[in-house]
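Since the model is a prediction, treat every value here as computed from it, not as a measurement.
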Amino acid sequence: MTLSTGFEEMTNHESSPVDDQIGFKLRIANQRYLEIIASVVPELTPAQFTVLAKLAEEGSVSQNQLGRLVAMDAATIKGVVDRLREKGCVNSAPSETDMRRRIISLSEQGKVHLHNAAERVQEVSDKTLTKLNQAEREHLLVLLDRI
């Protein structure tokens, strides 16, 4: 299956002021990544995978803290957690010290989903970065961390 973001067609036309904008280039790269991950790991969205992986690292955390750990605002993390809870991947319980807070933890089903997806995540990275050699891949990740 060939994945296309439409970028190939756009590069055959005259350059426009948008072409050199970082946001445009990041959006195109993100579109390619999203297409690839949807085909390789269809059972989880990238946000869901990130949340499961962070819960595996951190253990039980408040929903707000989880959002901060994965760089999601309160509304976004709530939606992601709600969908993961519907799939049986996370447990959610009120905090013992503050009933307004929700404590989120990884369920056994979530561990299974995470394990199965984790085996394929490297494939997603490899496919996303297929046109880059190893040194370029490492350099890109360093540069993205600096941004």
Side-chain angles (χ1 to χ4, degrees), residues 1-8 10 17-147:
M1 171 167 87
T2 302
L3 298 172
S4 172
T5 61
F7 185 67
E8 295 81 11
M10 293 185 326
V18 169
D19 293 341
D20 292 328
Q21 297 299 311
I22 186 66
F24 176 74
K25 291 185 181 288
L26 288 172
R27 186 174 58 77
I28 296 298
N30 189 55
Q31 285 176 326
R32 176 165 171 70
Y33 162 77
L34 291 174
E35 289 175 359
I36 293 168
I37 199 165
S39 70
V40 175
V41 187
E43 69 275 14
L44 293 173
T45 67
Q48 291 171 346
F49 175 79
T50 299
V51 166
L52 294 180
K54 190 54 75 175
L55 285 171
E57 290 173 12
E58 298 290 325
S60 297
V61 295
S62 74
Q63 186 168 296
N64 286 338
Q65 176 65 17
L66 180 59
R68 286 189 294 275
L69 290 169
V70 295
M72 291 180 199
D73 62 48
T76 302
I77 193 63
K78 181 186 181 318
V80 172
V81 166
D82 286 349
R83 286 184 288 284
L84 285 170
R85 193 174 53 246
E86 289 169 8
K87 290 182 178 188
C89 293
V90 299
N91 300 312
S92 174
S95 167
E96 293 178 6
T97 59
D98 183 348
M99 296 307 282
R100 297 169 297 174
R101 296 175 82 195
R102 302 294 303 171
I103 303 300
I104 311 302
S105 60
L106 194 57
S107 71
E108 289 305 313
Q109 182 65 28
K111 291 175 185 175
V112 170
H113 273 292
L114 178 61
H115 175 76
N116 292 339
E119 294 177 351
R120 293 172 281 151
V121 168
Q122 187 58 49
E123 179 185 347
V124 173
S125 291
D126 290 342
K127 285 183 175 186
T128 302
L129 302 173
T130 192
K131 294 181 181 180
L132 303 179
N133 65 38
Q134 188 60 36
E136 291 169 328
R137 291 174 185 207
E138 291 169 9
H139 190 72
L140 175 61
L141 293 176
V142 168
L143 294 174
L144 288 172
D145 282 343
R146 288 181 58 191
I147 292 176

Q: Could you give the distance from CD1 (I36) to OG1 (T130), rounded to the nearest 0.5 Å?
A: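 Those atoms lie 8.5 Å apart.
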Q: What donor-acceptor contacts under 3.5 angstrom involve side-chain atoms of residues 102-109, with partners at least two apart or in another chain?
A:
{"from": "R102", "atom 1": "NE", "to": "S92", "atom 2": "OG", "distance (Å)": "3.1"}
{"from": "R102", "atom 1": "NH2", "to": "S92", "atom 2": "O", "distance (Å)": "3.2"}
{"from": "R102", "atom 1": "NH2", "to": "S92", "atom 2": "OG", "distance (Å)": "3.1"}
{"from": "S107", "atom 1": "OG", "to": "G88", "atom 2": "O", "distance (Å)": "2.5"}
{"from": "S107", "atom 1": "OG", "to": "C89", "atom 2": "O", "distance (Å)": "3.0"}
{"from": "S107", "atom 1": "OG", "to": "Q109", "atom 2": "N", "distance (Å)": "3.4"}
{"from": "S107", "atom 1": "OG", "to": "G110", "atom 2": "N", "distance (Å)": "3.0"}
{"from": "E108", "atom 1": "OE2", "to": "K111", "atom 2": "NZ", "distance (Å)": "3.2"}
{"from": "Q109", "atom 1": "NE2", "to": "H113", "atom 2": "NE2", "distance (Å)": "3.2"}

Q: Just jot down the side chain to side chain contact (heavy atoms under 4.5 Å, CB included) partners of L144, sequence neighbours excluded, or say none.
A: L26, L140, I147
Q: Quick one: salt bridge (charged side-chain N to carboxylate O under 4.0 Å, His left out) partners of E96, sequence neighbours excluded?
A: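 None.
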Q: Decide yes or no for V81 and M72: does some side-chain heavy atom of the first lie under 4.5 Å from some side-chain heavy atom of the second?
A: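 Answer no - side chains too far apart.
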Q: Name all residues meeting the salt bridge (charged side-chain N to carboxylate O under 4.0 Å, His left out) criterion together with R83; count only those two or more places apart in sequence or in a different chain, and write none if there are none.
A: none
Q: Is it true that the side chains of E138 and Q134 contain a donor and an acceptor less than 3.5 Å apart?
A: yes
Q: Might you point out which heavy atoms bring K25 and D20 nearest each other, and give the distance in Å?
A: CE-CA, 4.0 Å
Q: Taking only residues two or more places apart in sequence or in another chain, which ones pass side-chain hydrogen bond (donor to acceptor under 3.5 Å, both in side chains) with D82?
A: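 For D82 the side-chain hydrogen bond (donor to acceptor under 3.5 Å, both in side chains) partners, ignoring immediate neighbours, are K78, R85.
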Q: Under the side-chain hydrogen bond (donor to acceptor under 3.5 Å, both in side chains) test, which residues partner E86, sequence neighbours left out?
A: none
Q: Just how far is it from atom CD of Q65 to atom CD1 of I77, taken to the nearest 0.5 Å?
A: 11.0 Å
Q: Using the salt bridge (charged side-chain N to carboxylate O under 4.0 Å, His left out) criterion, which residues pair with R146? Sequence neighbours excluded.
A: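 With sequence neighbours excluded, R146 shows a salt bridge (charged side-chain N to carboxylate O under 4.0 Å, His left out) to no residue whatsoever.
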Q: Anything under 3.5 Å between a donor and an acceptor, one on a side chain of residues 47-56, the other on a protein residue two or more places apart or in another chain? List them.
A:
{"from": "Q48", "atom 1": "OE1", "to": "T45", "atom 2": "N", "distance (Å)": "3.0"}
{"from": "Q48", "atom 1": "OE1", "to": "K87", "atom 2": "NZ", "distance (Å)": "3.0"}
{"from": "T50", "atom 1": "OG1", "to": "P46", "atom 2": "O", "distance (Å)": "2.9"}
{"from": "K54", "atom 1": "NZ", "to": "E57", "atom 2": "OE1", "distance (Å)": "3.0"}

Q: Applying side-chain hydrogen bond (donor to acceptor under 3.5 Å, both in side chains), name anything that partners D73, two or more places apart in sequence or on another chain.
A: T76
Q: With sequence neighbours left out, what residues match D126 under side-chain hydrogen bond (donor to acceptor under 3.5 Å, both in side chains)?
A: Q122, R137
Q: Using the salt bridge (charged side-chain N to carboxylate O under 4.0 Å, His left out) criterion, which residues pair with R120? Sequence neighbours excluded.
A: E43
Q: Report yes if the side chains of L44 and L114 come closer than 4.5 Å at any heavy-atom pair, otherwise no.
A: no
Q: Run the side chain to side chain contact (heavy atoms under 4.5 Å, CB included) test against D145 and tell me which residues pass, sequence neighbours left out.
A: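 For D145, no residue satisfies side chain to side chain contact (heavy atoms under 4.5 Å, CB included) once neighbours in sequence are set aside.
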